[in-house]
Amino acid sequence: MNDKLLRLKKNSILRNMCAETSFLSDQLIQPIFISEKITDKKNIPGLGDNYVFNINDSFRQIENDLKNNCRNFLLFLIPSQKSEKDFNLDFQSKTINQIKKNFKDDIFLWSDVCLCSMTTHGHCCLFDEKQNIDNHKSLNALSKIAITYANAGVDGIAPSDMMDGRTSKIRLSLDENNHDLIPIMSYSSKFASNFYGPFREAADSSPSFGDRKHYQLDYRNKNDALRASKRCAEEGADLLMVKPGVYSLDLIQPINNLTGLMVGAYQVSGEYAGINLASEKNLLKLNEGLFESWHVMKRAGAQFIITYGARKSKELGFSVK
Ligand code: PBG
């Protein structure tokens with residue numbers, strides 16, 4: 001028997017030499033929640049050392065994260081005032097502006113662009129009088145949000161709403177407003193998933209009626225998921241994404257092959273909570289479990305990973321370059 005898989009596993013030096021996947025701390029993106037109505041930072045059930053912050057506490061968190069080599073953030077902004085059509089974006093604008101003024105280019109700041117934290121009904125879109133999705137109105141609102149965030153100084157836009165044509169509409173609006181160099185990281189293949197629970201708690205964005213199956217992808221369908229990402233690529237997305245990440249491993253390489261664009265994976269709140277809660281019950285070690293899950297997404301072809309554990313970068317031994 002000549003085929004010995006044991007031979008190259010003798011010790012960690014040899015195993016490291018033969019490791020096919022490794023990555024840099026900048027390939028991990030840390031979500032951060034900032035709410036207008038929060039006074040003391042608020043726990044998010046299942047998400048360990050992730051909190052909903054007020055603006056001042058978020059500064060302290062980011063300072064701390066920077067010390068731990070974590071400097072790539074995805075921002076979720078939660079205004080206290082909800083609406084159905086005219087969105088006042090002052091809180092969002094002020095927050096982005098203050099963060100970028102303070103941290104300058106020491107951080108890369110992506111902002112999620114969606115309506116679910118801003119609407120009275122908690123959906124990612126606007127409706128017409130008959131309660132059907134009004135795609136046109138939704139796109140207008142989304143592009144207004146994207147321009148406002150760009151004007152406030154955000155580094156990158158991440159649309160997560162799943163309306164038809166949002167990427168081209170947002171790209172066009174950004175370009176028309178002198179933001180042609182702001183990249184779009186599109187949530188291109190996003191499923192209507194059961195694993196967004198802790199997030200919705202944090203982002204105050206649970207739909208007050210129905211669910212998101214009218215606009216997010218059906219997890220039974222691979223072809224729709226490929227088509228959705230292909231379309232985002234054609235509409236001008238710079239980066240694509242699958243979500244939930246660990247539950248979409250089969251799509252990562254095919255999307256890259258199809259579009260030629262880099263594909264990231266979002267380890268969503270429910271996926272992260274699964275590992276975190278198991279570790280709290282001593283069923284596994286948190287850091288090792290995260291490390292494994294991230295490498296598995298990398299192995300599947302993910303270029304970058306959005307994860308609630310990105311701030312553990314240094315602790316887990318990721319290098320800066
Ligand atoms: C907003 C949005 C959601 C997530 C990211 N952006 C929730 C949803 O679509 O219902 C989920 C992220 C997570 O669970 O970590 N549309």
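Read the numbers this way: they start at 1 and go in the same order the structure lists the ligands and their atoms. All values below come from the heavy atoms of this structure, side chains included, with hydrogens, waters and symmetry mates left out. All of these numbers come straight from a predicted model, not from anything done at the bench.
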Item to check | NZ or CZ of Lys41 within 45° of Tyr51 ring axis and under 6.0 Å | outcome: yes
Checklist entry - Just checking, Lys190 and Tyr196: is the charged tip under 6.0 Å from the six-membered ring centre and within 45° of the axis? => result yes
Next on the checklist: Applying salt bridge (charged side-chain N to carboxylate O under 4.0 Å, His left out), can you list everything that pairs with Arg60, at least two apart in sequence or on another chain?
Outcome noted: Asp57
Item to check | Those residues that, when tested against Asp40, pass salt bridge (charged side-chain N to carboxylate O under 4.0 Å, His left out) (two or more places apart) | outcome: none
Next on the checklist: Strictly under 4.0 angstrom, heavy-atom based: which residues surround ligand 1?
Outcome noted: Phe76, Asp112, Cys114, Cys116, Cys124, Ser160, Tyr187, Lys190, Phe195, Tyr196, Phe199, Arg200, Arg212, Gln216, Lys243, Tyr266, Val268, Ser269, Tyr308
Next on the checklist: Run the side chain to side chain contact (heavy atoms under 4.5 Å, CB included) test against Ser173 and tell me which residues pass, sequence neighbours left out.
Outcome noted: Ser143, Ile147, Lys169
Checklist entry - Do Phe23 and Phe304 make the cut of ring centroids closer than 6.0 angstrom? => result no
